[in-house]
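Written out below as structure tokens is the structure these notes cover.
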Amino acid sequence: MSEDKVIVANRGLVRADFNFWVGRYLDKFYDNLENKKVIGNKCTKCGAVFVPPRKVCGECNVVIPLEENWVDLPDTGTVVNYTITPYRINDRTLRKAKNLLLGMVQIDGSNTSIVYRLLDLEPSEVKIGMKVKIDWAEKPKGDPSDIKGFVKV
Amino acid sequence: MGRQVAIVSAGFSEHASKRSDVNMAELVSEAVSDCLKNAPGVDFNDIDAYVNGNMPAFEGVNLPELWMTDWMGARNKPLLRVTTGGTTGGTVAISGYYTVAAGLPKIDTVLAVAFEQQSQGDTSVGLGSVAYGEISVLNTMGIPYDQLSRLLSAGAAIGVAAYQATNYMSKTHITEEDLARVVVQNRHNAAKTWWSHLKMPDITVEEVLDTPYISYPLRYGMVCPASDGACAMLFTIEEKAKDMCDIPVYVNGVASVANESAVLGYDGSGTGQIDPSEQLGAMKSSELAYYQAGISFPRKEIDYAEVYSPFPNQELMWVEKLGLFEETTAPKMYETGVTSLKGELPINCSGGVNSTNAIGASAMERPAEAALQIMGKADNQVPKTVHTSIGHGWGGSLNLCTLMVMSDEPQRKWRR
Ligand SMILES: [Zn+2]
């Protein structure tokens, strides 16, 4: 067999960094998380409450003004869906990791759900419909990590 | 046999280098709201289907069209995403046209939306995959992608445009002053267009020539900015158009033609193999679209043009290659005011891509502005009546062009 001589090699992946603007609606949401407060906003037509807040209600095609219709919400909610996974997206070789519980939680008083980890729960304990509350970060920074996850009420 | 299609409205978001006050979906919703505001007889219930697009790899997320569905009013409606590089906006508009022309039951009115929020990502990396005109030359030498940027003095689209400019200048014997004059006209026009990015009402030729080179013969003061922005156009059938707006703009010809494949090039195209100012794509697309529209003498029959020119040499080249002026005569037309707002054939009164470039939206903003000029609703409206106008887009490595020919009269001849 002849020896391969490498003339041209592609030495690595081309990196492309993206930083997304979240916009003013989410700015306000994250500012409130920093104070351990959950806020949503309400469609001016159908009254649906969105967490996180959004500019447009897609059901009604109505723009919710930035200045109005904000709703203060509690840090409690209901598990509307869940899964249990040993899979780590950043470490695919780790096949026998501890199970994580991921839940879709509807904050009380809202019509939408957010996805976070369910903490301090055994897989056998989790049920659709169970009441949970936010486990806040000790030092909130005004970003999604301010909510560590949800714990049983 | 296709149906006669009309444009009833067009809208824009505000454009700037950083629209950090909005996310991608909110940016798009601004253009959609503006488009509907310009057509008071239309609401979301009247829209049957959507086409959406931006420059591939510039959005940094998968399926952006699904993210922004609600923000476009597209919930539970047919939605198609189309991306064709620099010409994306033109292709999205053409796809809006196709969707209406097809004559499918329950699909009469289509909203086409194109956008880019360039401040979020790395534009040079995105463009690296498509816009190095030299890529075919480098590939034939076996030089890999990750070394491209080290070998080229200027990357991205200007890497193509500089060679294009050198060719054009040597053919026409023009000076840098001729290039600067195009820029000045664009910047002044942009100052009178509410949604434009680089508004410079007082800039002079001397000031443009006083800026340093990026890549000879192009100087910093001559090139387009990178913008955040969005554009929307509303297409419908002839029968409904009259109820939706005062002056429907009929789409009478569309074409998208390239004598290359997107990257490697047909017939060895690419800056190193051919004259980049030859532009067979522009000639072929205009030949086809003018034929469809029944236009035999573009110079006489077209009253207004928006051409896709991030760089001033391209503007001179396009207006010639699209048949608006004789070869090598365009610089004279800018010097004598023929292409100005009050001239015989005004070009890019919006300020053009040279003044505002949210890439995915740019090739839609051309037909959008050209349609508004026919309606008499453009911000920087030309004083004469515009009956027929064209909106052009450019992309690919070198030679991909989109074209839309619009008129205040429907044109059925080609459908016989
Ligand atoms: Zn609603």
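Here is how names work: the chains are called A, B, and so on, in the same order as the sequence lines, proteins then strands, and each is numbered from 1. What you see is a predicted model; the values in this text were computed from it and never measured.
- Atom-to-atom distance recorded for B:Asp43:CG and A:Asn61:CG is 8.5 Å, nearest 0.5 angstrom.
- With rounding to the nearest 0.5 angstrom, the OG atom of B:Ser20 is 8.5 Å from the CG atom of A:Asp27.
- Within 6.0 Å of CG in A:Asn35 there are more than 12 heavy atoms belonging to other residues, nucleotides or ligands.
- The shortest distance between side-chain heavy atoms of A:Tyr25 and B:Asn23 does not fall below 4.5 Å.
- The side-chain heavy atoms of B:Gln120 and A:Asn19, taken from C-beta on, include no pair separated by under 4.5 Å.
- Among residues 99-132 of chain A, no residue has any heavy atom closer than 4.5 Å to a heavy atom of chain B.
- Heavy atoms from other residues, nucleotides or ligands lying under 6.0 Å from CZ of A:Arg24 number 12 at most.
- Listed by sequence position, A:Arg54, A:Lys55, A:Val56, A:Gly58 are the residues of residues 51-58 of chain A in contact with chain B, using a 4.5 angstrom heavy-atom cutoff.
- Counting heavy atoms of neighbouring residues, nucleotides and ligands inside a 6.0 Å radius, atom NZ of A:Lys28 exceeds 12 of them.
- Of all non-hydrogen atoms in A:Phe18 and B:Phe58, the two that sit nearest each other are CE2-O, 3.4 Å.
- Interface remark: B:Asp228 contributes side-chain atoms only to the contact with chain A (heavy atom separation under 4.5 Å).
- The two residues A:Val63 and B:Ser33 come nearest to each other via the heavy atoms CG2-OG, 4.5 Å.
- Within 6.0 Å of NZ on A:Lys152 lie no more than 12 heavy atoms contributed by other residues, nucleotides or ligands.
- Tested against A:Trp21, the residues B:Glu26, B:Arg19, B:Met24, B:Gln117 include a single side-chain contact (heavy atoms from CB on, under 4.5 Å) partner, B:Gln117.
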